[in-house]
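Some notes on the structure that comes next.
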Amino acid sequence: MKVLIAEDEPLLRRLLIDKFSRNDCTVISAENGLAAIESFDNLQPDVVITDLNMPYAGGQELILHIRESKFADTPILVLSGTSNEHTINDVFRLGANDFVEKPFRMNELLLRAQRLIHLN
């Protein structure tokens, strides 16, 4: 499983990289939305895990880019500290497949990502 993790918070990004790497995943990480878009285009991951609020381009822009690309069916899991129903509804309307509110359980996140790939 090739996973793109787009997260601007360094400690959380490191924890996510470690968790997925220890579970036989190839991990691509990006610290901002523009780097995530570039990584997505160059490496075509099996699943994308993205924060919403990142520098240069946010998770919503990343979702739009993916859904408009030739790999439009790539599963997208959104991580966010927001519990705002409007924001959550917006990311699903844009094309996200799943939403996990921070803080979250790492094992559950791993299982959700694996499930998205198997459903795709």
Side-chain angles (χ1 to χ4, degrees):
M1 177 166 76
K2 191 183 330 178
V3 181
L4 170 59
I5 296 172
E7 172 60 58
D8 64 324
E9 206 295 344
L11 178 58
L12 180 54
R13 188 173 60 250
R14 182 77 248 157
L15 291 170
L16 290 166
I17 291 167
D18 288 346
K19 179 65 174 179
F20 280 85
S21 295
R22 281 185 277 121
N23 284 276
D24 299 322
C25 297
T26 301
V27 179
I28 307 147
S29 69
E31 61 188 30
N32 63 64
L34 287 179
I37 288 169
E38 183 178 321
S39 293
F40 177 83
D41 289 346
N42 293 330
L43 302 168
Q44 292 92 46
D46 299 311
V47 64
V48 174
I49 299 172
T50 184
D51 187 14
L52 285 181
N53 298 315
M54 295 181 290
Y56 309 116
Q60 292 174 329
E61 289 84 2
L62 177 58
I63 294 168
L64 282 171
H65 177 79
I66 292 168
R67 292 300 175 241
E68 293 173 354
S69 78
K70 61 184 174 185
F71 300 100
D73 61 342
T74 301
I76 303 168
L77 191 155
V78 174
L79 292 177
S80 181
T82 188
S83 59
N84 180 293
E85 186 177 355
H86 178 72
T87 301
I88 295 168
N89 289 337
D90 281 348
V91 298
F92 280 117
R93 275 194 286 276
L94 290 172
N97 299 90
D98 202 354
F99 183 95
V100 176
E101 189 175 340
K102 295 176 185 176
F104 56 89
R105 292 178 294 278
M106 282 286 185
N107 288 334
E108 179 184 349
L109 184 69
L110 176 65
L111 290 171
R112 285 176 179 255
Q114 290 170 333
R115 180 184 62 86
L116 286 175
I117 288 174
H118 294 300
L119 292 175
N120 195 23

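Starting from 1, each residue takes its place in the sequence as its number.
Ser21 meets the side-chain contact (heavy atoms from CB on, under 4.5 Å) test with Ile17, Val27; sequence neighbours excluded. When the salt bridge (Lys or Arg N to Asp or Glu O under 4.0 Å) test is applied to Asp90, the partners found at least two apart in sequence or on another chain are Arg93. Scored by the salt bridge (Lys or Arg N to Asp or Glu O under 4.0 Å) test, Arg67 finds no partners at all (sequence neighbours excluded). Contacts of Leu109 classified as side-chain contact (heavy atoms from CB on, under 4.5 Å), with partners at least two apart in sequence or in another chain: Leu16, Phe20, Leu77, Leu79, Val100, Phe104.
Heavy atoms only, all atoms of each residue included: Ile88 and Thr82 are closest at CD1-O, 4.3 Å. The minimum heavy-atom distance linking Gly95 with Ile76 is given by the pair O-CD1, 4.4 Å.
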Scan the side chains in residues 31-40 for donor-acceptor partners under 3.5 Å anywhere in the protein, sequence neighbours excluded, and list what turns up.
unit_1	atom_1	unit_2	atom_2	d
Asn32	OD1	Leu34	N	3.0
Asn32	OD1	Ala35	N	2.8
Ser39	OG	Ala35	O	3.0

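Using a 4.5 Å heavy-atom threshold, the side chains of Phe99 and Thr87 count as separate. In this structure, the side chains of Met106 and Leu110 stay at 4.5 Å or more apart for every pair of heavy atoms.
A salt bridge (Lys or Arg N to Asp or Glu O under 4.0 Å) check over residues 97-108, counting only residues at least two apart or in different chains, returns the pairs Glu7-Lys102, Asp51-Lys102, Asp98-Arg112, Asp98-Arg115, Arg105-Glu108, Glu108-Arg112.
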inquiry  = As a quick check of understanding, evaluate side-chain contact (heavy atoms from CB on, under 4.5 Å) for Leu43 and Leu4, giving each step before the final call.
reply    = CA-CA 9 Å; Leu43 302 168; Leu4 170 59; over 6 Å; no
query = Can Leu52 and Gln60 be said to form a side-chain contact (heavy atoms from CB on, under 4.5 Å), step by step?
reply = CA-CA 6 Å; Leu52 285 181; Gln60 292 174 329; 4.0 Å; yes
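With respect to the salt-bridge test (charged N to carboxylate O, under 4.0 angstrom), the residues Asp18 and Arg14 qualify.
A side chain to side chain contact (heavy atoms under 4.5 Å, CB included) with Gln114 is found for one member of Ile117, Leu116, Leu111 and no other, namely Leu111.
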